[in-house]
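Reading through the structure tokens given below for one structure.
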Amino acid sequence: MIMYILWTLMFFHVSAQRWTLFDEESKPKREGRVRLVGDLPSSGRVEVYHDGQWGTVCDDGWELAEAQVVCRQLGFPGAISVTPGGQYGEGSGPIWLDDMNCKGLESSLSECCFKGWGVTDCSHKEDAGVVCETGTNITSNHQFSVDNSLGLSDDLGLLFDSGDGCDFRINVQDISEEEELTFCVHRMILMIYPELNITNDSRNLRVDVSETCHPHVSAFLRYLYTRQIDVSITSAQCLHQLAFIFGVKKLMEDVGRAFTLLLPEDNTFLTQISMYEYGIRTDDLVLQENVLQYLSWNCEYLISSPVWSTISFHMMYVLLQRSDLILKDEALLLEALERWIQDKGDEISSDQQASLLNHIRFLLIPVDKLYEMQFSSSVLHQNHEKLYLTGLLRGFQFNALPFSKIRNQMENMSSEYLSRIYTGDEWSLFINDTTVNYPYYHYGQNNRIQTFSTPAHPSALYREQKVQWQAQVFLSAQECSNYGMSCTSFPVARFYGYGNQNMYTSTIRYSNRLILSCKNENNVFHVQDFKNDMAVIPNNSSMGLPNPCPDDYSFRFVARPEYI
């Protein structure tokens, strides 16, 4: 498969992670350090140092496991509690980390999983904080950190450049063996990377990479010494391939984020599918997730494209497990799966077909389509009749029985009853007007203020009970002021229900979503939830994906009810 890539020259810096136990201002600032800003040394707002400046951490996903990592990184025994929501005051500058997911055993905060540096939809009102244990019985034997390693990276870089004392040769060959480069390096440096299996007796290593990657080998080898490298879109794939060969997983993840810039560029989905398969071959989980998220957001366009029938079983399997698929309804997804299985023919075994069908959320198929489905004569339906009948039965039960009756069963069905992002007309509303400024309040004349109604819930029990919604998009402080609000960043979206919504708060909650897409190409490039009915649109640099149409995109408001 030919990989279509629009190479745009963009640079970012990947630096080593170096930590010490304390964080006084007098110490050198280095990548990944953390500090607490507050009245006491053991509690305060968490800030992390990245790319030359301090920034904060959003409290989304901020729990005790994350606090334990911060406190231990600062030299405290552990954490007592977390403090969400800017309790220690609002920070300034960038919000570096969002949606943190730590196991609690990491040695530093940036070793945890997160969206990516500066990728966030938070404001400083959500700056996270911690309260650390101070410990007891501290004596004169209490240890402190001495760290004079600030210049070590530069010194090792100079050692690589000079070649002094090198005792190991790396021979880089083109796959055709027509071109060859030789580098003299230091065996001790390579022994840091266990996947190379370098021993004291080793004298050389042969590396096979294409000739187009040869210009980037020297910079990569220097990274092994310094943990610093400049990455461009033109060098990203070569550096990623070399990192895979040498087993440098951290560099693979960092470089893999550069591929994210390419995702919105290809509406045929050929590039994205190629990237995913490449991520599978290189075991790059970050690259795989970035691609899967983009394909999930653009699922409805993907299933109508010619490449739908070409995607692998593995990709189909992981896509069907996701709740961030954006499409009209679950019935459309089932129809697309049936078509994909039919196109694959004997390539997909009966057991594989069943494993895929088990991830269709029959409970959420609209009840009228659920009724029509029982009369289907498709080959797939006939081959898996018991599976379909079980799905239909569960679907009818979900639509006919009150929540109190099925609550215990739902806990056992896990994601089967969780809504994806369904954009059928009864659940969503488009606002396309993103250019005209409305400086004064004129009810009915602002195209960015619209109302619509949805059923209270997809279940047939609630379909006739309506919830009224108002969707608003503000482009200026004056527009916000017209509606009695104070806004500091633009554009900002507001989505709130009124009328009968409060009748269902004990049973139903609304995890609503805002979808941004290009008007002409229907390319979804950003999805976020609403916090207190508000969604502040991040700027291009803090989005997970770049905005390919910054001056011509639309807002889609999606009501997303689910049982509590």
Side-chain angles (χ1 to χ4, degrees), residues 58-60 85-86 89-95 98 120-127 421 423 425-454 456 466-505 509-520 524-543 547 549-561:
C58 179
D59 64 9
D60 290 352
E90 297 180 19
S92 59
I95 300 174
D98 189 5
T120 181
D121 57 4
C122 295
S123 70
H124 282 297
K125 297 182 187 300
E126 301 165 85
D127 287 342
I421 305 177
T423 58
D425 291 341
E426 64 179 349
W427 298 111
S428 68
L429 171 75
F430 263 117
I431 291 182
N432 288 315
D433 182 358
T434 56
T435 56
V436 179
N437 197 346
Y438 297 92
Y440 303 107
Y441 177 84
H442 293 293
Y443 186 78
Q445 296 182 17
N446 189 334
N447 294 327
R448 293 194 301 276
I449 310 293
Q450 297 190 32
T451 60
F452 75 116
S453 63
T454 69
K466 301 297 184 180
V467 173
Q468 301 295 318
W469 300 94
Q470 183 162 98
Q472 303 170 331
V473 176
F474 302 120
L475 302 184
S476 68
Q478 181 62 55
E479 289 186 358
C480 284
S481 178
N482 291 341
Y483 285 82
M485 296 185 301
S486 175
C487 309
T488 58
S489 179
F490 304 97
V492 60
R494 186 185 184 202
F495 190 38
Y496 66 95
Y498 58 94
N500 294 332
Q501 182 192 22
N502 294 331
M503 294 174 57
Y504 315 114
T505 53
R509 66 185 172 200
Y510 293 88
S511 301
N512 300 333
R513 294 293 186 269
L514 178 68
I515 301 172
L516 304 185
S517 59
C518 296
K519 292 180 184 177
N520 296 331
V524 176
F525 60 87
H526 184 70
V527 178
Q528 72 181 81
D529 57 358
F530 289 87
K531 299 171 184 178
N532 298 321
D533 300 331
M534 303 291 288
V536 178
I537 312 304
N539 58 39
N540 212 342
S541 62
S542 61
M543 285 185 177
N547 182 345
C549 49
D551 299 319
D552 194 28
Y553 61 92
S554 61
F555 297 78
R556 189 165 198 164
F557 295 76
V558 181
R560 197 163 170 257

Aromatic ring pairing F525/Y553, orientation class (parallel under 30°, perpendicular over 60°, tilted between): perpendicular

Atom OG1 in T454, atom CZ in R560: separation rounded to 0.5 Å? 14.0 Å

S511: side chain to side chain donor-acceptor pair (under 3.5 Å) partners, not counting sequence neighbours: E562

T423: what forms a side chain to side chain donor-acceptor pair (under 3.5 Å) with it, not counting sequence neighbours? none

Are side-chain heavy atoms of F490 and V473 found at a separation under 4.5 Å? no

Indicate yes or no: at least one non-hydrogen side-chain atom of R448 is less than 4.5 angstrom from one of L475. yes

Decide side-chain contact (heavy atoms from CB on, under 4.5 Å) for F452 and D425; before the verdict, give the C-alpha distance in whole Å, the side-chain angles of both, and the deciding distance to 0.1 Å. CA-CA 10 Å; F452 75 116; D425 291 341; over 6 Å; no

Using a 3.5 Å distance criterion without hydrogens, assess whether the side chain of H526 forms a donor-acceptor pair with backbone atoms of L514. no

Residues two or more places apart in sequence or in another chain: which of them pass salt bridge (Lys or Arg N to Asp or Glu O under 4.0 Å) with K531? D60, D121, E126

How many angstroms lie between OG in S123 and CD1 in I95, if you round to the nearest 0.5 Å? 6.0 Å

The side chain to side chain donor-acceptor pair (under 3.5 Å) partners of R513 (sequence neighbours excluded) come to none

Tell me, please, which residues at least two apart from D59 pass salt bridge (Lys or Arg N to Asp or Glu O under 4.0 Å). none

Could you tell me which residues satisfy side chain to side chain donor-acceptor pair (under 3.5 Å) with Q450, sequence neighbours excluded, listed by chain and number? none

